[in-house]
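Data block below; observations after.
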Amino acid sequence: MKSQKLILTLSWIIVITTLLTLIVVFNKFGVITGRATDTGEANLTINTSASISFVDNSVNWGSGSVDETPSFAILDTNGTTAAGTAVINGSWNNETTGLMLRNDGNVNVSVDLVSSKDAAAFIGGTNPAFKWAISNNETGSCAAGIANTGYTDVNTTAPGTRICDDLQYADSNDELIIDLYVRVPEDALGTKGAVITATGTALA
Amino acid sequence: MDSEKLIVALLLIAIVFSVITLAITMTTKVVVNPKLPFSETTNTASVVLDIVKNPAKETP
């Protein structure tokens with residue numbers, strides 16, 4: 001009779017365990033019984049889209065020459081040079097706005113910047129310079145990790161320089177400014193061009 | 001009801017519960033959404049200027 005009681009106890013335990021399992025499964029898969037219901041489902045998927053674009057995609061100083069003295073000219077889109085102009089010691093057009101980069105996707109991105117040419121390849125001559133400086137065009141556009149905020153030599157090695165770890169996508173704060181600084185020596189001549197490529201990578 | 005019949009009844013109930021649980025888990029589709037693919041975008045801008053000789057500098 002003792003073993004019979006043990007079997008009975010075990011049977012109760014089995015019943016309770018299976019009942020609890022059933023309840024858990026009902027809850028997990030949303031199966032509801034005991035009332036008559038019907039449900040419909042509306043499904044949609046919103047895909048994330050990483051997209052950045054240069055809203056202002058060109059800096060063109062036009063044609064010009066270095067003044068008689070000194071031996072070089074400075075072209076600076078920041079326009080905050082000592083002389084209060086974007087071109088010093090030269091006759092090029094004043095370009096007072098740098099490149100403007102916007103996150104026009106629906107996900108925050110990190111941004112890398114690379115140039116097709118360094119100063120020597122771009123300008124040539126004796127002691128040229130080609131630099132960029134990054135800033136927010138709207139407060140908080142780059143929420144984290146903004147880099148090269150002061151003029152820094154451009155990077156020509158892929159994937160480039162990580163200029164922002166977290167560029168926001170909301171319209172109110174999704175733009176960066178890339179100012180450019182060029183030092184033109186008097187012995188540089190010809191038509192010069194460089195391409196700057198920005199790469200945005202979606203953040204998880 | 002003697003205990004033997006009660007044991008049989010309880011085991012039958014347990015079997016029924018197990019079968020129902022099995023049926024639910026076998027017929028319910030579990031969809032696992034794959035992680036979104038790595039997303040990358042690029043855009044380019046140009047920087048140009050033309051450098052001409054200053055005639056004043058040609059004067060010896």
Side-chain angles (χ1 to χ4, degrees), chain A residues 4-5 7-8 11-12 14-15 17-19 21-22 25-26 29 31 47-54 56-68 75 91-92 99 101 105 107 109 115 122-123 130 178 180 182 184 186 188-202, chain B:
Chain A
Q4 212 171 26
K5 279 187 178 176
I7 293 171
L8 185 58
S11 298
W12 275 116
I14 291 170
V15 169
T17 304
T18 52
L19 181 60
T21 304
L22 188 58
V25 170
F26 276 160
F29 296 114
V31 180
N47 292 322
T48 57
S49 171
S51 176
I52 58 172
S53 60
F54 280 103
D56 185 342
N57 65 357
S58 175
V59 169
N60 186 349
W61 279 288
S63 183
S65 58
V66 178
D67 291 347
E68 190 171 3
L75 287 64
S91 58
W92 287 273
L99 303 170
L101 183 68
V107 61
V109 296
S115 171
F122 177 35
I123 301 297
F130 184 28
I178 300 156
L180 299 169
V182 173
V184 184
E186 63 181 351
L189 284 174
T191 301
K192 310 292 183 180
V195 174
I196 292 176
T197 301
T199 301
T201 303
Chain B
M1 183 183 288
D2 59 33
S3 59
E4 286 178 2
K5 286 182 179 174
L6 182 58
I7 291 168
V8 171
L10 289 173
L11 290 176
L12 283 174
I13 292 171
I15 290 169
V16 170
F17 283 164
S18 298
V19 169
I20 293 172
T21 304
L22 190 62
I24 291 172
T25 53
M26 294 282 284
T27 58
T28 303
K29 286 182 181 175
V30 177
V31 178
V32 177
N33 290 317
K35 187 174 170 141
L36 285 168
F38 185 74
S39 183
E40 192 174 275
T41 175
T42 62
N43 203 233
T44 60
S46 62
V47 187
V48 294
L49 76 157
D50 185 34
I51 306 169
V52 297
K53 189 90 174 168
N54 185 343
K57 286 181 178 289
E58 292 175 353
T59 305

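The sequence lines fix the lettering, A, B, ..., with proteins before strands; numbering per chain opens at 1.
B:Ile7 contributes atom CD1, which lies 5.0 Å from atom OG of A:Ser11 (distance to the nearest 0.5 angstrom). Of the inter-residue distances, the one linking A:Ile196 atom CD1 with B:Asn43 atom CG reads 12.0 Å to the nearest 0.5 angstrom. Here the straight-line distance linking atom CG of A:Leu19 with atom CZ of B:Phe17 works out to 4.5 Å at 0.5 Å rounding. Taking CD1 of B:Ile20 as the start and OG1 of A:Thr21 as the end, the distance is 12.0 Å to the nearest 0.5 Å. Interatomic distance, CG of A:Asn60 versus CG of B:Leu49, reported as 8.0 Å (0.5 Å rounding). With values rounded to the nearest 0.5 angstrom, A:Ile14 atom CD1 is found 9.0 Å from B:Leu10 atom CG.
In this structure A:Ser51 satisfies the side chain to side chain donor-acceptor pair (under 3.5 Å) test together with A:Asp104, sequence neighbours excluded. In this view, A:Phe54 satisfies the ring pair (Phe, Tyr, Trp, His ring centres under 6.0 Å) rule with no residue, not counting sequence neighbours.
Only the side chain of A:Leu180 comes within contact range of chain B, with heavy atoms under 4.5 Å apart. Residue A:Leu75 touches chain B through its side chain alone, counting heavy-atom pairs closer than 4.5 Å. Of the two parts of A:Val184, only the side chain, counted from C-beta on, holds a non-hydrogen atom closer than 4.5 Å to a non-hydrogen atom of chain B.
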**Item:** Trace of the side-chain contact (heavy atoms from CB on, under 4.5 Å) decision for B:Ile51 with A:Lys192
**Value:** CA-CA 8 Å; B:Ile51 306 169; A:Lys192 310 292 183 180; 3.9 Å; yes
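Your options are B:Val16, B:Thr21, B:Ile13, and the one with the most heavy-atom pairs under 4.5 Å with chain A is B:Thr21. Interface summary for chain B: among A:Val195, A:Leu189, A:Ile178, the most heavy-atom pairs under 4.5 angstrom belong to A:Leu189. Across A:Gly105, A:Gly193, A:Ala50, A:Ser49, the residue that shares the most heavy-atom pairs under 4.5 angstrom with chain B is A:Ala50.
A pairwise comparison of heavy atoms in B:Val52 and A:Ser63 identifies CG1-OG, 3.6 Å as the closest pair. The heavy-atom pair separating A:Thr199 from B:Glu40 by the smallest distance is CG2-CG, 3.5 Å.
The closest side-chain donor-acceptor pair between A:Thr191 and B:Asp50 falls under 3.5 angstrom.
Partner of B:Thr42 under the side-chain contact (heavy atoms from CB on, under 4.5 Å) criterion, out of A:Thr201, A:Thr197, A:Ile52: A:Thr197 alone.
Remark: side-chain polar atoms of B:Asn54 are paired, donor with acceptor, to backbone N or O of A:Val66 under 3.5 angstrom.
Side-chain contact between B:Thr44 and A:Asn57: absent, with no pair of heavy atoms (C-beta onward) separated by less than 4.5 Å.
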